[in-house]
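In what follows, chains carry the letters A, B, and so on, assigned in the order in which the sequence lines appear, proteins first and then strands, with residues in each chain numbered from 1.
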Amino acid sequence: MSYVPNPRPAGDFRTTYKDDNRLFKTHFETRSALVLLAVVIVAAPFIGNYWLTQLILIGIYAIAAIGLNILVGTTGQISLGHAAFFGFGAFASAWLANSFGVPVLIAMPAAAVLTTAVGMIFGVPAARIKGLYLAIATLASQFILTDFFSRADWFSGGVYGALAERPSIFGFAFDSDLRYFYLVMFWLVVTAVAVTNLLRSRDGRAFVAVRDHYLSAEVMGVNLTKYRILSFGISSFFAGLAGALFGHYLEYVSVEGFTILLSIQFLAMIIIGGLGSVYGAILGAAFILLLPQVMESLTTMAAYVFPAMESGKSYVKQMSIGAAIILFLIFEPEGLIHRWQQIRASWKLFPFSR
Amino acid sequence: MKWELFFQLLINGLIVGMLYGVVAMCFVLIYKSTQVVNFAQGEFLVLGAWVCLALVTNMQLPFFLAFIFTLIFMVAFGIIVQTVILRPLIGEPIISVIMVTIGLSIFMQALMNWIFGNDAKRFPDVFGTTDVINIAGLNVEVAYLLSLVLSVVIMAVFFWFFRFTRHGLAMRATAFDQQIAQSLGISVKQTFAMAWAISAMVSGVAGIVIGIVNSVSNSLAFVGIKVFPAVILGGLDSIVGAVVGGIIVGVLENLAEFADGQYLHLGNLYTIAPFYVLIIILMIKPYGLFGTKDIERI
Amino acid sequence: MKPQIAATGEAMATDTILSVNNIEVVFNEVILVLRGLNLNVQRGKITALLGTNGAGKSTTLKAITNLLASEDGEVTRGSIQYEGEDITEIGPEALVRKGVFLVMEGRGILQDMTVIENLRLGAYSRPKAKLKEEIEEVFRFFPRLKERTGLAGYLSGGEQQMLAIGRAMMAKPKLILMDEPSMGLSPLLVKEVFGIIKRLNRELGISILLVEQNANMALHVADEGYIMENGKIVLDGSAQELMDNEDVKEFYLGGGGERRSFKDIKSYKRRKRWL
Amino acid sequence: QDSVFVGHLVDYTGPTAFVGKAYGPGVYDAIQYVNANGGIDGTQIELTQVDYAYKVPEALAAYKAWAGRGMVAMQGWGTADTEALISFVAKDKIPVYSASYSAHLTDPQGSNPATKKPAPYNFFYGPSYSDTCRALAQWAATDAESKGIENPTFLHAGDNHPYPNAPKEACKSYAEELGMTVAEPVVVPMAPGDFKAQCLTIKESGAQYVYLANLGGSVVALLKSCGTVGVEANYMGNVWAGDYVTIEASQAENMIFPSSTPFYGQDVPGMDLVTEIAESGEFSDGGKPTHHYIRGICSAYYMMDAMKWAKANGGITGENIKKGMYAKQDWVPEGLEGVCLPSTWTDKDHRGLMTVAINQGSYEDGEVKIERIDETTLPRRDDWLGL
Amino acid sequence: MTEPTKMLDVTDISLRFGGVKALTDISFHVDEGEIFSLIGPNGAGKTSMLNCISGRYKPQEGSILFDGKDLLSRSINDRAKIGIGRTFQNLALFSHMSVIDNILVGRHHMMKNNFLTGMLYWVGGAQKEEAAARAEIEDIIDFLEIQHVRNEPAGSLSYGLRKRVELARAIAIKPKLILLDEPMAGMNLEEKEDMARYIIELNEQYGITVVMIEHDMGVVVDISHRVAVLDFGQKIAEGLPEEVVEDEQVKTAYLGIDDFSMDDEKEVG
Ligand SMILES: Nc1ncnc2c1ncn2[C@@H]1O[C@H](COP(=O)(O)OP(=O)(O)OP(=O)(O)O)[C@@H](O)[C@H]1O
Ligand SMILES: Nc1ncnc2c1ncn2[C@@H]1O[C@H](COP(=O)(O)OP(=O)(O)OP(=O)(O)O)[C@@H](O)[C@H]1O
Ligand SMILES: CC(C)C[C@H](N)C(=O)O
Ligand SMILES: [Mg+2]
Ligand SMILES: [Mg+2]
């Protein structure tokens, strides 16, 4: 993460400390975010099913990615097991709803809470292990948890998976994609705001301190073990929430959905979006989700021109995903959000920027 | 206890573990000199195996020649990968670099699927009829035994390389701090290229061995994931640790199979046991068995 | 004082080993740190570069040795010449082979290696070095390093500094750039280190560009000096001239001759400086 | 109405691509062939393929997209995804022709109390995995008797995954019923690797009859590893585990495997049509089609025959196609006589076919030799329905 | 005047790293309100001593009392809570955080909000608390004159400024005792003067007790009340600064035969 000039434009004076600590750095950004949100909400009924599905999935993945960002971007602990927690949330919510008749709308956050507990248990090694060692230990949790899913018939339905109903409340069922979209948007906004809030308050600062210099953070009074494990917990909470939303969206939860590949995709989202940035995670989720589809249409188009491509279409698609990740990291290693910040900075410095 | 089965599994574990050790060394080599964890390691293996197989079956080269050409190819490949993909990321945070190797692995996997197909293909009998040898009642593929010898040799060479040669030292220096290394006149680019070349080459060797034993298929790349526990158990930056970790994982798998098949009947303990043990060992020794502790002075 | 602009290319005397001409350094494409800096190092001399914190001294050294890239910085204007050759674009490793060696701020010790390994790496750029003898030579300069067999990371600060200098000796450079070699050393060692710097210069004939906070010491060993503030040279001259300069006395050496006590310093608005 | 929409799930790149690349084109070529030759009495079939790489979530996503586009029927692939879709397709009334022969798909009304989930809209051509395995167990029992093996042991070797698991219980209880000893199943990953450890367990169990529940590379690797450690057993593959490609790659000896069609080029009346389809299609890269390809053709033709019926009886809708499947007894799609075996579906029993042909294949002198050694027709036992 | 109270009481501390004896039987005490300097050659064990007090190292033997209470049994982060702040020899700032946030971390132990109330921000009281903390640390920022870099990431500051930010962060803990490890290393005279002024003010105005490691004898002699000298992990002298610098042992081990002035060319070389 390199230095980005303070984005406040000239003339944007703050008169109180409260003001200096707002959700968004500039008025312009606050307004843009609100307008964007309003546009999305109003436009949703008219964009067609395909885009609605995409937006729902982007929303769900974004929630999980924001969660992962707390762990990786903010606390500096690399996790290769996020998909397992995502999956746990999905199974747990289905389990609560199916076995105990918990209303789905309640089962979802409840599942997130259960996932938090599981995340903290798997986060315990973080008290002692650091860096890449920890990353590989989380890889272990990925394998251990998916193995658990395929075994625990009582919980997950074993290898056959579990059905997960769409939620409903007072006879209002979230059975159409449009309705489900609003549910996902609700949770996405809640997540984004909550995490932004977290990051500008005491515990969020402690996470960053632990990332930047854990030795001195501890001397400053930050309880290392607590925050290392807590960050696993909070990150798992959002993974679990997103997983539950995902499960009830597909109405079916299957062991296979939560492989290491998905964990890697989550990582890709936050890195491509911009480590440590909440809004970057959303951008990253959109990028990773839309990339294969864009590639799909590009390769389909290419196949018209070079018919030989037809047989290799799916390979080309997969290759281009790999290539996109590589190219992205080479040319924009700080993520999409950094590009945005630079644009913003050059506006601010306009006459002087090069 | 069914001792005979137990011992056969144990021997099997030792031998397979040695091979994991070789692959783990490739990891360690890259890590030690570039601080990169190469998630495409498995794909490197498979690439080596495919190239050698293609040379043997399509070009009808004798195995020995094909082997040599494969090594040359892998060296070139390692250098290209480093130059094109990793060099631009010098100085970026470690996680970006990890991600790039993951991107590389996705890319290579698809490309190899396309070029070589996704079926398993069998190596022609390389060592003629003496394909297996009986050790203490267990039939073992000759290729494995060769790999065993090979791993000892590679290990010794690596050890000597890092401890005593100027380039070995340069690699360690580069890994520690690129700016410092540069200020000492070490070319970071060359050092990295060299590390990747060596690692790719050794991966190629391991890939060929695994290919001979198991038939060549893209799913062999899973060995890449399998050696993670091995690398970590041994300690990320320890050559000796890599081998020991490999052996531990190999033995563990087989003992897990023993316990599972004979007593527990859980199924799949074979694949999952190393991960449980990994976490337990890390809780006791956070830097693996032989990894160097970070110097934490403040 | 009126700022003196250092000699430019044509006016350069033959005994100038290094000349930095009007360079500008930018970090992250936006932060301008050096703003047209000029400076010369004479062959066989010690040149001191003094300046406040953040003036850009370390940046200058990194710009000369081309080490800025890894910090996202770049030289955007001006040129740097070493022995008459333009080295602005040359890679850091090539520069070491040409005989320019930087002893970095914070010493740049390879902590997870032994003393011997650190020293061997000093000679990395000279494949044919006679390692054994040269290491012994370094140990003659720094006897106490010989006893340290553990990892360099566990050496004390002074020992690490000695190791860093020893490593520079191993490279047999013509020009050493030193970034605050006395930082964090005990008074005894500070003297020792400055002594060594002088010996390197006198006995081995190495030209030295010395960045220091300890102006007193630095000007004592140096032949010439530069004072920089805010990315520019604001004053230069022979070491003696600088020591006699009133402003330098006030800001860098402490009072007009008599040392004033730290205890008596009160908050005051500083006098306007060279800027 | 001049076209109807049919979705087609295939795995050309995932873990089951080994056979997926054989079966999928069978379905595809057959439908394109019919389209080119007048369609379903004039109605074209709009076919969309998605390579879901054997991943359930991807299959679900594709299904949802298709259901929204008014799909009338679907050609599916894997057990996991097909079983995951049971309730959805029942609700949406879309018949699914899967390449999963899981017996769980054969009880449309849940008439067997043991059935967990009735599957009214699921069909497949061929005997179920369970029935196939039963037939193999039966064969094993007779084989053991003829060889004078007392108390033969049967063992299931496959991954912990819906597809290998599907016949596990059914086959176990039938083998026991036949007086065989059933050893603890051995878990063998679906991805190929070094399976010597698993083979040692198999060896230790002393099993003479090993049921290979995986397919392709995994089977090849298992046979290879077991050969190395010296397992002496008869290997019985399921329908996907046995074909000439696998036998060639593993250089197997006397591998037993079932089939429900003749092999390509065999002399039966319907083979001409098969050849025509194969030659018209894109499946022509080198090797000759396996029996999976032919089963794919049968699956497509049964669907299209039912569509024909539906068109004549109120239009091609999911519901009518389902009814079309029940319209005839012991039927064979027109033109495929001798290729697809006469099958019967009723609204109470979706076990279309109870006949299992058993083959033995070996790799000898650089060639694959396959011979048919048995053909069994199992009884339609009520307690087997859906299991 | 009454007998001054002992703020810090170090008794027979021994610390070993494997075979290396970093500290051997060190005893000293620091009175409330004192500026106490710890000097000695490089590698003498000064930093290790601070690390024992702030908890980074656990001595094998001995005891440390802080305000009369046992310190060694407390966790590291607890020691901030009871009023021990410190700076580090080799900068240990949170380099990606802004200066303000760096300083706010020092306030961590005094703030009440947890992650839940933090997420709720407006309702949980976090907002109020943040604003209050901000107001308080602004005083520290003013005091140390680092207003102009408030919003810069600490990693991009020059060395001297970083040292100042570190000091600010330590002050934010509201410590009773502050441990300064070479606060003036790498500074020029002018900056040293500023730093000395801050330390004195800290001590006199805010009544914070100071333990300081410093190599600049000018500073040590001028501003400290008492000095202890370590050499090879042992205490070789303790007393008033003027006495200590005259001590023969200290001269040979630390200062050099001559005093700390530095004009004679002969010596150098
Ligand atoms: N990597 C970087 N990114 C952004 N700004 C930087 C970077 N490195 C240095 N700077 C800025 O450049 C200016 C000069 O820094 P430099 O380290 O060269 O100063 P210095 O003269 O060596 O100071 P000191 O005496 O404290 O070491 C400082 O203001 C610093 O903030
Ligand atoms: N974590 C550690 N592991 C091993 N040895 C250590 C460790 N920390 C310090 N030492 C050793 O303890 C001794 C004292 O070190 P310390 O850092 O306390 O010295 P110091 O007095 O602060 O020196 P300086 O003035 O150079 O900072 C040294 O010999 C050092 O090598
Ligand atoms: C070939 C297969 C492994 C897929 C198969 N159709 C199944 O039941 O899953
Ligand atoms: Mg500097
Ligand atoms: Mg110290």
From CG (L189(E)) to NZ (K249(C)), nearest 0.5 Å: 14.0 Å

Please round to the nearest 0.5 Å and tell me the distance separating atom CE of M183(C) and atom CE of M187(E). 10.0 Å

Of the listed residues (E214(E), E182(E), H215(E)), which shares the most heavy-atom pairs with chain C below a 4.5 Å separation? H215(E)

A253(E) versus chain C, the contacting section by heavy-atom distance below 4.5 Å: backbone

Hey, which residues of residues 35-43 of chain E are touching chain C, say heavy atoms under 4.5 Å apart? G40(E), P41(E), N42(E), G43(E)

L185(C), N214(C), T59(C), L189(C): which one forms the most heavy-atom pairs within less than 4.5 Å of chain E? L185(C)

Using a cut-off of 6.0 Å, state whether more than 12 heavy atoms not belonging to K232(C) lie near its atom NZ. no

Near F232(E) CZ, under 6.0 Å, is it more than 12 heavy atoms from other residues, nucleotides or ligands? no

Across all chains, not counting sequence neighbours, the salt bridge (Lys or Arg N to Asp or Glu O under 4.0 Å) partners of E243(E) are none

